[in-house]
There are 2 protein chains.
Amino acid sequence: MKNGKKQTRLSGVERTDQIYSVAAQMICERGFDATSMSDIADAVGITKAGVYHFIPSKKELLFAIMSYGMDTLEAVVIKPAREIADAEERLRAIITSHSMLIARSSNDEGHSPVTILVEEELGLSPAHRRKLRQRKRVYVDLIRSTLEEMKAEGKLKDVDVTAAAFSLLGMILWVARWFRPDGKLSREQVAEEICKIAFGGLLQIQANGKRKNTEQTE
Amino acid sequence: MKNGKKQTRLSGVERTDQIYSVAAQMICERGFDATSMSDIADAVGITKAGVYHFIPSKKELLFAIMSYGMDTLEAVVIKPAREIADAEERLRAIITSHSMLIARSSNDEGHSPVTILVEEELGLSPAHRRKLRQRKRVYVDLIRSTLEEMKAEGKLKDVDVTAAAFSLLGMILWVARWFRPDGKLSREQVAEEICKIAFGGLLQIQANGKRKNTEQTE
DNA sequence: CGCAACTTACCGACCGGTCAGCAAACTACC
DNA sequence: GGTAGTTTGCTGACCGGTCGGTAAGTTGCG
């Protein structure tokens, strides 16, 4: 009686792709440290030594996965946004596409290469960390400069641009932690709500004369 | 020549406290998996077996630290907030105190028990995870019900309460990742900016007749 | 003396990673 | 179209090291 698992021999590129994709999924679900190379090998259906035939080291594997996540972010969010001339419209596009990207790739307890970008920064070598940080910086700069542009147009409230940029990112990235595909809000609705909150805030504008005081601390 | 490190014998409670506090700091800085029990023992100045004389296991250690973080959150943010009758004021207090708590305990690259609450959920046993999740849930429910209350008072825009609650949390918790004590914004300023953005949003209200369209997607 | 605070020595498990070699698949040549 | 030679996908056995955790003994304070 043969084992049900057929031990098909795959071509180099096929196997390599498979390893990356399986590893990505496992690392996203269980964390980098909690995923051993043997685990990955088992899931792929070959031995650990077999895995090392295709990938150089565990750290390179993580770096490759996170780079892929960054590639996705650039392709889906950054590049399309750059082609939008109007700053406000551009910001709206960034919030929408990024939120939806994260919501798309987050199932229960599991994350995706796009979300590991945030979670697994440890475990990278300093050189790798530096490379990814630089790519992230470019993205933050895009958001910041977009806000700056809006400020110049008089479209932005009197808020600190850095704090605003990171607050936006916080709202967006946090989606990975609470969004559930089977919940009452769809991906599109989540993106829409975040846009509403980011642009308009929570407080209802008072119709009558007495304005809401947003400044008070005491 | 004696080693500079004096090997003072401490009392049980003293040593236990020391272990927890040193471990907390190390785990916050380097991550749970990257911090071995020997590392902690070395930092405390005793052997690993000595550490195990006081604490039952590594997982219990993490759980205790995270519980302490949750205690802090409850004492500094939740309990004071509950004593505020007005919903809007309560929400403002929550945002301010929580932001400042996180900013206070985050130095470069290092975090605190309050911030590990978010980062190290893996590494907990299912039972421990459940306990902490329940305590977090209570906090989320406080925010959500506060928003609900504001909605009933007509003070809240037409936004989904769940999305709003989590967006708030996202903004606040993300502070741990970007705030630097030596940066241009003080803790108080960060809290203030987040309040402004959360309550008033980013867009300037147009003075003239044509209102900003916050709904458009196309 | 007695007990609490420790140390020394050690365990088994598992980690990331290596290496020699095997067998299937592809190529080259007749 | 068979067969020899080469490449390539992959295995089994194993490495040094580190991990969390333990048992038994030692030290020193009250």
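We name chains A, B, ... by the order of the sequence lines, and we start the count at 1 in each one. All values below come from the heavy atoms of this structure, side chains included, with hydrogens, waters and symmetry mates left out.
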Atom pair distance, as rounded to whole Å: [atom1] in [X] and [atom2] in [N]:
X: K48(B); N: dT22(D); atom1: NZ; atom2: C1'; answer: 9 Å
X: K58(B); N: dT22(D); atom1: NZ; atom2: P; answer: 15 Å
X: F54(A); N: dG16(C); atom1: CZ; atom2: C1'; answer: 18 Å
X: D33(B); N: dG20(D); atom1: CG; atom2: P; answer: 9 Å
X: I19(B); N: dC6(C); atom1: CD1; atom2: P; answer: 8 Å
X: M37(A); N: dC10(D); atom1: CE; atom2: C1'; answer: 15 Å
X: R9(B); N: dG30(D); atom1: CZ; atom2: C1'; answer: 12 Å
X: I55(A); N: dC10(D); atom1: CD1; atom2: P; answer: 14 Å

Open item on the list: On DNA chain C, does the nearest nucleotide to P56(A) precede the nearest nucleotide to V13(B) from the 5' side, or the other way round? Give the residue.
Closed with: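 That would be V13(B).
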Task: Side chain K151(B), main chain V159(B), donor-acceptor under 3.5 Å - done: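 Checking the backbone N and O of V159(B) against the side chain of K151(B), a donor-acceptor pair under 3.5 Å is found.
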Open item on the list: Is it the case that the side chain of T96(B) and the backbone of A93(B) share a donor-acceptor pair, with hydrogens and angles ignored and the cut-off at 3.5 Å?
Closed with: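 Not confirmed, T96(B) side chain does not pair with A93(B) backbone.
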Counting side-chain heavy atoms from CB outward, which of [options] is closest to [X]?
X: R15(B); options: dC6(C), dG12(D), dG21(D); result: dC6(C)
X: I46(A); options: dC10(D), dG20(D), dG16(C); result: dC10(D)
X: A49(A); options: dG20(D), dG12(D), dC6(C); result: dG12(D)
X: S57(B); options: dG21(D), dA23(D), dC6(C); result: dG21(D)

Task: Single hit among M70(B), R137(B), E121(B) for side-chain contact (heavy atoms from CB on, under 4.5 Å) with L132(B) - done: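 Of all the options given, the one that passes is M70(B).
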TODO: Find out whether the Lys NZ or Arg CZ of K58(A) is both under 6.0 angstrom from the six-membered ring centre of F32(A) and within 45° of the ring's axis.
DONE: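 Yes, cation above the ring, under 6.0 Å and within 45°.
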- [ ] Pick base, sugar-phosphate or nothing for T47(B), based on heavy-atom distances below 4.0 Å to the nucleic acid.
- [x]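 Counting heavy atoms under 4.0 Å across all strands, the contact made by T47(B) includes a base.
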TODO: Assign T35(B) to base, sugar-phosphate, or nothing according to its heavy-atom contacts below 4.0 angstrom with the strands shown.
DONE: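 Sugar-phosphate contact only - T35(B) comes under 4.0 Å of backbone atoms but never of a base.
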Phosphate OP1/OP2 of [N] contacted by [X] side-chain N/O (<4.0 Å):
X: Y52(B); N: dG21(D); answer: yes
X: H53(A); N: dC10(D); answer: no
X: S36(B); N: dT18(D); answer: no

Task: K184(B) side chain to T162(A) side chain, donor-acceptor N/O pair below 3.5 angstrom - done: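 Yes, T162(A) and K184(B) have a side-chain donor paired with an acceptor closer than 3.5 Å.
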